[in-house]
Asks: 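Here it is, the structure in full.
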Amino acid sequence: GDSVTQMEGPVTLSEEAFLTINCTYTATGYPSLFWYVQYPGEGLQLLLKATKADDKGSNKGFEATYRKETTSFHLEKGSVQVSDSAVYFCALSGKAAGNKLTFGGGTRVLVKP
Amino acid sequence: NAGVMQNPRHLVRRRGQEARLRCSPMKGHSHVYWYRQLPEEGLKFMVYLQKENIIDESGMPKERFSAEFPKEGPSILRIQQVVRGDSAAYFCASSPASQETQYFGPGTRLLVL
């Protein structure tokens, strides 16, 4: 079945540091890929998405590129802020599995001033 | 445009009681999804519904759990005879159609004493 693997946290960074969170997937066919962010005590917010190979999703300084050859969708941000402290979830929506989302385990990111 | 609404935000139940969680999708959205997040884990798909129909319930426990999305009113996730292992955050998401991006509500945090 479909699965998503992302790096375990917590990831602790200083403000203005470079952030990378690795995400790889296994799926039948060509899924859509997503990054969601969860702030403490809140629900998930869509951060960015990509629906086909080589697409780059971007939002709020975050980027991720859909790499079919490596089945990856790594999240990057060039200069993090304290307000980026949150849990980040990589997810896929496999067309063969209807529209349900399959999530990775989440990566907690803590940005210190 | 109001987002996905869930209530209650917090729910405390004793073992053996019933829990009813409500989800009102975004305006214009006719597809609803329920996910469960156990402590320190990622989200797991439970059920996918359209108005008056259950499309995919492959993630629902076979006993005690049921879901509905009536023609009028919110979607309801019902847990009968709750046990401590049901303690989790339950998130609802909605989309305007299948294969479209899902938008999440703030979640209901269920605590079973």
Asks: Is there a continuous path of hydrophobic side-chain contacts, each under 4.5 Å between heavy atoms, that joins B/W34 to B/I55?
Replies: no
Asks: Let me check something: do B/M26 and B/L21 share a hydrophobic cluster, defined by ILVMFWY side-chain heavy atoms less than 4.5 Å apart, either directly or through other members?
Replies: no
Asks: Between chain A and each of B/R9, B/Q6, B/Q37, count heavy-atom pairs under 4.5 Å; write down the option with the most.
Replies: B/Q37
Asks: Going hydrophobic residue to hydrophobic residue with side-chain gaps under 4.5 angstrom, can you get from A/L47 over to A/Y39?
Replies: yes
Asks: Could you tell me the separation between the OH atom of B/Y103 and the CG atom of A/L46, rounded to the nearest 0.5 Å?
Replies: 6.0 Å
Asks: What do you reckon, is CD of A/E16 surrounded by more than 12 foreign heavy atoms closer than 6.0 Å?
Replies: no
Asks: If you round to the nearest 0.5 Å, how far is CZ of B/F104 from CZ of A/F89?
Replies: 10.0 Å
Asks: Holding to side-chain hydrogen bond (donor to acceptor under 3.5 Å, both in side chains), I want the full list of residues that pass it with A/T24, two or more places apart in sequence or in another chain.
Replies: none
Asks: Treat each ILVMFWY residue as a node, draw an edge where side-chain heavy atoms are under 4.5 Å apart, and state whether A/L13 and A/Y88 are in one component.
Replies: yes
Asks: Residue by residue, scan residues 105-113 of chain B and write down, ordered by number, those that have a heavy-atom distance under 4.5 Å to chain A; if none do, write 'none'.
Replies: B/G105, B/P106, B/R109
Asks: Can you tell me if B/R13 has over 12 outside heavy atoms packed within less than 6.0 Å of its CZ?
Replies: yes
Asks: Looking only at heavy atoms, which two atoms of A/Y36 and B/Q102 are closest? And how far apart?
Replies: OH-O, 2.9 Å
Asks: So, the side chain of B/Y35 versus the backbone of A/L101: is there a donor-acceptor pair under 3.5 Å, distance only?
Replies: yes
Asks: Select one option (side chain, backbone, both, neither) describing which atoms of A/Q38 are under 4.5 Å from chain B's heavy atoms.
Replies: side chain
Asks: Is there a path of hydrophobic side-chain contacts, each under 4.5 Å between heavy atoms of I/L/V/M/F/W/Y residues, joining A/L48 to A/I21?
Replies: yes
Asks: For B/Q81, look at atom CD and say whether over 12 heavy atoms of other residues, nucleotides or ligands are found less than 6.0 Å away.
Replies: no
